[in-house]
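Notes follow the structure.
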Amino acid sequence: MISYAGIIMEFATVSDIDRPFTYSIPDKLKETLKIGQRVKVPFGKGNRLKIGYVVSLLESIEPQKYRLKEIKEVVDEEPLLNEEQLEIIHFIVEYYGTSYASAIDVVLPPGLKDEPIAKNPSTIKMVCLNQDMLKVKIYYEANRHKQSFEKQRWIIDYLREHAKEELKAFERLEEVSKSSLKTLIQKQIVEVIEEEMIHQKDVIKYETFKVLNEGQQAAVDYLKALSEADVYRPVLLQGVTGSGKTEVFLHAIKEILEKGGSALVLVPEIALTSQTLSRFKERFGNQVALTHSRMTPKERQRLYMQAKDGEVSIIIGPRSAIFMPLPNLKLIVIDEAHDSSYKSEVEPKYHAIEVAKARMKYNKGQVLLATATPSIETYYEMKEGRYDLLRLDTRVGEAKLPEVEIVDMRLELANGNNSVLSQKLYMEIEETLKQDKQIMLLINRRGHSTFINCRSCGYVLKCEHCDVSMTYHSSTRSLQCHYCGKTLGVPEVCPECGSKHIRFFGSGTEKVEAFINERFGEYGVGRMDTDTTTGKEGHRKILEAFRRKEMHILIGTQMIAKGHDFPEVTLVGILSADSSLYMQDFRSNERTYQLLTQAMGRAGRGEDKGKVIIQTYNPDHLVMDVVRHNKQEFFYEQELMNRQMMSYPPYSNIFSVLIMGIDEGEVIRVTHLLSQYFRYYSEKGQNHFRVIGPSSAVVSKIGDEYRWRLFILGEVRDKLLIYGRFCLNKFYTHEIVNGIKIQWDINPLAMV
């Protein structure tokens, strides 16, 4: 009979206590205690009760010189963690060098207290239209002409189509205004009814599935064959923008559900709209659930228990959804798989794709990476035969890939045009508007002007807390730092020399919006960036207005390039296309190519062929040539050759160390001292890791903290991780450093 338990303390994120502690099991718990449960145990000299997780059960242990402490009580009747999750926790600890407590914390839902997770209620509030449809029709017709009715109109139209929806889930949709919903309820146009919770799953609605073209069907058949073989395999679904990748994995999920399996669908957070959810719900009904950052901790805990109990079969969500405990999980889809948001920048610094692969190895299922522009690392894995490749080379239906034209902005300047638009793009905008079609303009900088410069002395106004120039925002008539949030008024004279010859330089979304409004304002102009999309309804308001053609021109940062499908958009203009080409990051070419390709993909998704105008000061650059002539494979091969020559990923791995502190001299001293440890143990261990640095970080100061970096490169990831952590531990053991923070990561995606 079991008598002892290995327990990880919930707060044990430091190395001294990052291990299982052995406790004895009282007789009253020996029959019921299970691995994965939370328990309360006495800990430390004061024997204060703390929460811990049971990770092992033992019948006997080696004789101890001290008396073991005893488990006091069990928090959860049923285990919160199952066997698969414990395997994933172990994987995160080993693969990312994090603590067990941190790994457990990221796997479980947020906001857990020292009490059982509340069970889902037996009744649920639903929202639907009044059964008196004549009353609804009269109200609709009486108000439809009012501009203030738009939010109510959306709610009524949605409920006409979907009959009824769970109230809390409905309120979380970006498109739903709570005040408009409240008004409709008060006027008895919309009703809130309470229904008994029914855990019976909806049947698959086969009639809603679209007929696949030849390429899509071949992809679905291949995935079906893998599923039937019950084998683990990562698959790259590489399809041009608009090729119907979503329909492929909808069909693939159908096959999984028919066999009693479940599926996870990861999407970048920005793509979590009602449109995404609707495409799944119309086919799978209540088998689908959505998770995202706007949910409260209690809502996420309840969804976690729903998933654990098998009440849902499909969960859609951002990076954190990868840990949802769906039973019999057989497929994980990672949409827009190239997106950097799948890599966590906070502890534990996991990558959702790697966790997905670990889960599917355990479950003998498939990881489907869907993207038009795979990362260089993904492409390399495919070339090496570790990923299978499924290609979709044509757009669905009659849609064709857009025509691409590159405009040399150096010639525009030479011809006296120093505006934000080239003559070519300006004329194309005029022609497109005459045809009553829509336009998207991408400029990946927010604000009005990117810096202020004194023409007399050359002074550039920088943030006093960060090593970056202040950005001018015309909407607030202020200067803002986009790193620490510091704001200043606009100076009338140069702070350095007192000259009045200070000028705004560079262009951002605000400046482009002002320029376009002056010339095409009557057609409706919208702007989409982090300044206009704050708040619950930010994205919805802009995108819905654009979809209804209340605006014909949408200007935005990279968020307009991701996944949006507007059939009326026939022209895409990309301004300052080369702004990210010369950043101090070996991935700059890759990221520029991905952004341009994704933005280009918004054009011509309907019946009319699209056109893309790319403005650049570097028309002969490799990336510009590749996007102009659609030479994707050539680009990837060229990038791989460059990476191999420089020994960068995927041909090596990077252990990144960031050293930060208020005292710049101390930061520099510690960084140089730490670099000596890395070099010494590299030579001593005869591993010959390549140490790059010390050097100032790309952004050398943020929030009054100076930042320096070290990069260590090695071919074998596991050895590099062990070596990197070993050197840091030796450093901490022998050196005393005050006021200095040291952060590290293995294979980071951000190099700033």
Side-chain angles (χ1 to χ4, degrees), residues 7-14 17-18 34-41 43 48-55 72-82 84-86 88-89 92-93 96 98-125 166-174 178 197 264 266-267 269 272 277 289-312 315-326 341-342 344-350 352 355 535-536:
I7 294 173
I8 296 285
M9 305 312 299
E10 129 181 289
F11 58 88
T13 56
V14 295
I17 53 175
D18 178 27
K34 300 170 186 173
I35 291 175
Q37 285 178 316
R38 289 185 299 163
V39 292
K40 290 184 180 180
V41 295
F43 190 83
R48 295 183 63 182
L49 286 185
K50 301 289 185 181
I51 299 289
Y53 301 90
V54 179
V55 294
K72 292 303 179 186
E73 61 179 282
V74 174
V75 177
D76 308 292
E77 188 177 332
E78 290 299 320
L80 281 186
L81 298 166
N82 59 32
E84 182 204 349
Q85 288 172 297
L86 290 170
I88 294 303
I89 287 165
I92 294 170
V93 169
Y96 295 103
T98 191
S99 67
Y100 275 99
S102 293
I104 291 172
D105 189 56
V106 78
V107 166
L108 289 173
L112 292 178
K113 298 179 180 178
D114 57 350
E115 58 189 31
I117 294 181
K119 290 286 186 181
N120 287 305
S122 56
T123 60
I124 188 170
K125 288 184 177 180
E166 196 263 307
L167 176 60
K168 284 189 175 180
F170 188 66
E171 288 177 334
R172 285 195 302 267
L173 295 179
E174 279 193 14
K178 281 189 179 181
M197 282 284 281
L264 274 173
L266 302 193
V267 294
E269 177 87 25
L272 292 173
L277 184 61
L290 183 69
T291 178
H292 50 76
S293 61
R294 293 185 299 276
M295 292 172 69
T296 66
K298 250 185 185 171
E299 288 170 335
R300 291 172 76 173
Q301 289 170 23
R302 284 176 175 159
L303 178 56
Y304 180 92
M305 296 306 290
Q306 277 186 285
K308 187 173 176 296
D309 295 339
E311 293 175 11
V312 292
I315 290 181
I316 307 168
R319 178 181 68 225
S320 59
I322 191 61
F323 300 111
M324 278 292 178
L326 286 168
S341 67
Y342 290 125
S344 173
E345 298 299 327
V346 296
E347 188 71 20
K349 298 178 180 180
Y350 68 92
V355 178
K536 184 174 179 288

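By the side-chain hydrogen bond (donor to acceptor under 3.5 Å, both in side chains) test, Glu166 is found to be paired with no residue, residues two or more places apart in sequence or in another chain being considered. Residues meeting the ring pair (Phe, Tyr, Trp, His ring centres under 6.0 Å) test with Tyr350, sequence neighbours left out: Phe323.
To the nearest 0.5 Å, the span separating OG on Ser102 from CG on Asp18 amounts to 8.0 Å. Expressed to the nearest 0.5 Å, how far CG of Asp309 lies from CD of Glu78 amounts to 9.0 Å. Here CD1 of Ile7 is found 10.5 Å from CD of Gln37. Values are rounded to the nearest 0.5 Å. Interatomic distance, Leu81 CG to Leu86 CG, rounded to the nearest 0.5 Å: 5.5 Å. Note that CG of Asp114 and NZ of Lys40 are 4.0 Å apart. Values are rounded to the nearest 0.5 Å. With rounding to the nearest 0.5 Å, the separation of CZ in Arg48 from CZ in Phe43 is 12.5 Å.
Distance alone, capped at 3.5 Å, places no donor-acceptor pair between the Lys308 side chain and the Asn82 backbone. For Tyr342 (side chain) and Leu266 (main-chain N/O), a donor-acceptor pair under 3.5 Å exists by modelled atom type. Between the side chain of Glu73 and the backbone N or O of Val39 there is no donor-acceptor pair closer than 3.5 Å. Looking at Arg302, its side chain never comes within 3.5 Å of a backbone N or O of Ile117 through a donor-acceptor pair.
Counting heavy atoms from C-beta outward, Pro116 and Glu77 have side chains that stay 4.5 Å or more apart. Within the 4.5 Å cutoff, no side-chain heavy atoms of Ile322 are placed close to those of Ile88. Looking only at side-chain heavy atoms (C-beta outward), Glu299 and Thr291 stay at 4.5 Å or farther from each other. Looking at Met305 and Glu311, their side chains never come closer than 4.5 Å, going by heavy atoms from C-beta outward. Between Ile17 and Met9, every side-chain heavy-atom pair lies at or beyond the 4.5 Å cut-off. Here the side chains of Val312 and Leu326 are in contact, with some heavy-atom distance below 4.5 Å. Within the 4.5 Å cutoff, no side-chain heavy atoms of Lys50 are placed close to those of Glu10. Inter-residue side-chain proximity for Leu112 and Ile51 is flagged as unmet; no heavy-atom pair is nearer than 4.5 Å.
The minimum heavy-atom distance between Gln85 and Pro325, with the atom names listed, is NE2-CB, 3.6 Å. Here the closest non-hydrogen pair linking Ala101 and Ala12 is CB-O, 3.4 Å. Arg319 and Ser341 get closest at one heavy-atom pair: NH1-O, 2.7 Å. For Leu303 against Leu290, the heavy-atom pair with the smallest separation is CD2-O, 3.7 Å. Closest heavy-atom contact between Pro297 and Pro110: CB-O, 3.7 Å. Nearest heavy-atom pair, Arg300 versus Pro109, reported as atom, atom and distance to 0.1 Å: O-CB, 4.0 Å.
For Tyr100 and Tyr53, the distance between ring centers is not under 6.0 angstrom.
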Audit row: Leu277, Leu173, side chain to side chain contact (heavy atoms under 4.5 Å, CB included) steps and yes/no
CA-CA 9 Å; Leu277 184 61; Leu173 295 179; 4.3 Å; yes

